[in-house]
*Asks:* 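What follows is a structure written as structure tokens; I'll ask about it next.
All values below were derived from every heavy atom in this structure, side-chain atoms included, with hydrogens, water molecules and symmetry-related copies excluded.
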Amino acid sequence: MLGVDRKTVAKVIAEHEQARSGAPPKQRKPRKSLLDPFQDNILQLLERYPEITAVRMMEELRRLGFQGAYTIVRDHLRHLRHQPRQLVRRFETGPGVQGQMDYSTYDIDFTAEGKRRVHAFSYILGFSRRQYVHFVERQDFATTIRQHVAARSLPTTPTGNEGQN
């Protein structure tokens, strides 16, 4: 009736039952790879030539009897070279030290004028994260300076809707 295969339904029910029981997920037995007999050679080559390309690695492995394709070598090298990304620390500044501005463009259908392109000028202070946003028609230098002055002249006491024009 639902157009779902009964095996799919059985799999979902089994996963649900396993989650409810708190049993650890079943671990699949790792599949053998065509590269398994060449692991030592791959590691040695990577140690000697850390920047070796997948094409060059495949050439070296072919000389040793490797019969697989390029993609398996490329994917394996990516996996071996994968290093976890370094966390980016939040950029902190003192009060009055730094602010960031940007424009973003929008095409809006207005009821009276029809479709128009507008730009949102956004200015965020680095310390307080206070934000000023104003829609303008141009992104030229004069508009940018006017918006910087307008953002600077906001009242300093919080009103709950600061920076929204």
*Asks:* Is it the case that atom CZ in Phe110 sees more than 12 heavy atoms from other parts of the structure closer than 6.0 Å?
*Replies:*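 More than 12 within 6.0 Å, yes.
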*Asks:* Could you state whether Val55 and Ile52 fall into the same hydrophobic cluster, counting links through intermediate Ile, Leu, Val, Met, Phe, Trp or Tyr residues with side-chain heavy atoms under 4.5 angstrom apart?
*Replies:*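 Val55 and Ile52: one cluster.
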*Asks:* Should Ile124 and Phe135 be regarded as members of a common hydrophobic cluster, given that ILVMFWY residues are connected when their side-chain heavy atoms come within less than 4.5 Å of each other, either directly or indirectly?
*Replies:*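 The answer is no; the residues belong to distinct hydrophobic clusters.
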*Asks:* Take Leu61 and Leu35 through the side-chain contact (heavy atoms from CB on, under 4.5 Å) test and state the conclusion after the steps.
*Replies:* CA-CA 9 Å; Leu61 294 176; Leu35 290 172; 3.9 Å; yes
*Asks:* Let me confirm one number: the CG-CZ distance from Leu77 to Arg56, rounded to the nearest 0.5 Å.
*Replies:*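 CZ of Arg56 is found 13.0 Å from CG of Leu77.
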*Asks:* Can you list every pair that meets side-chain hydrogen bond (donor to acceptor under 3.5 Å, both in side chains) and has a residue in residues 31-54, with sequence neighbours left out?
*Replies:* Gln39-His76
*Asks:* Starting from Leu125, can I reach Val97 by hopping between I/L/V/M/F/W/Y residues whose side chains sit under 4.5 Å apart?
*Replies:* no
*Asks:* For residues 95-106, pull every pair meeting side-chain hydrogen bond (donor to acceptor under 3.5 Å, both in side chains), keeping only residues two or more places apart or in separate chains.
*Replies:* Tyr103-Thr144, Ser104-Tyr106, Thr105-His119, Thr105-Gln139
*Asks:* Using a cut-off of 6.0 Å, state whether more than 12 heavy atoms not belonging to Arg81 lie near its atom CZ.
*Replies:* yes
*Asks:* Say whether Tyr70 and Ile42 are linked into one hydrophobic cluster, either directly or through other cluster members, by side-chain heavy-atom distances under 4.5 angstrom.
*Replies:* yes
*Asks:* Take atom CZ in Arg152; do more than 12 heavy atoms of anything else shown fall under 6.0 Å from it?
*Replies:* no
*Asks:* Identify every side-chain donor-acceptor pair in residues 5-14 under 3.5 Å, counting partners at least two apart or on other chains, and give the distances.
*Replies:*
residue	atom	partner	partner atom	Å
Asp5	OD2	Lys7	N	2.8

*Asks:* Ion pair present between Glu59 and Arg63, side-chain N to carboxylate O less than 4.0 angstrom?
*Replies:* no
*Asks:* Check the pair Met57, Leu46 against side-chain contact (heavy atoms from CB on, under 4.5 Å), reporting the backbone distance first and the verdict last.
*Replies:* CA-CA 9 Å; Met57 177 70 76; Leu46 273 174; 4.1 Å; yes
*Asks:* Test of understanding: clusters of I, L, V, M, F, W, Y form through side-chain heavy atoms closer than 4.5 Å, transitively. Do Val149 and Val133 belong to the same one?
*Replies:* no
*Asks:* Give me each pair satisfying salt bridge (charged side-chain N to carboxylate O under 4.0 Å, His left out) with a member in residues 131-148, each pair once, sequence neighbours excluded.
*Replies:* Arg116-Glu137, Arg138-Asp140
*Asks:* Using the ring centroid of each side chain, check whether His148 and Phe121 are separated by less than 6.0 Å.
*Replies:* yes
*Asks:* Under the side-chain contact (heavy atoms from CB on, under 4.5 Å) rule, what do Tyr132 and Gln147 come out as? Steps first, then yes or no, please.
*Replies:* CA-CA 9 Å; Tyr132 169 84; Gln147 293 307 309; 2.8 Å; yes
*Asks:* Looking at residues at least two apart in the chain, or sitting in another chain, which of them share a side chain to side chain contact (heavy atoms under 4.5 Å, CB included) with Arg62?
*Replies:* Met58, Phe66
*Asks:* Using side-chain hydrogen bond (donor to acceptor under 3.5 Å, both in side chains) as the criterion, list what pairs up with Asp109, not counting sequence neighbours.
*Replies:*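 Listed in chain order: nothing, the list is empty.
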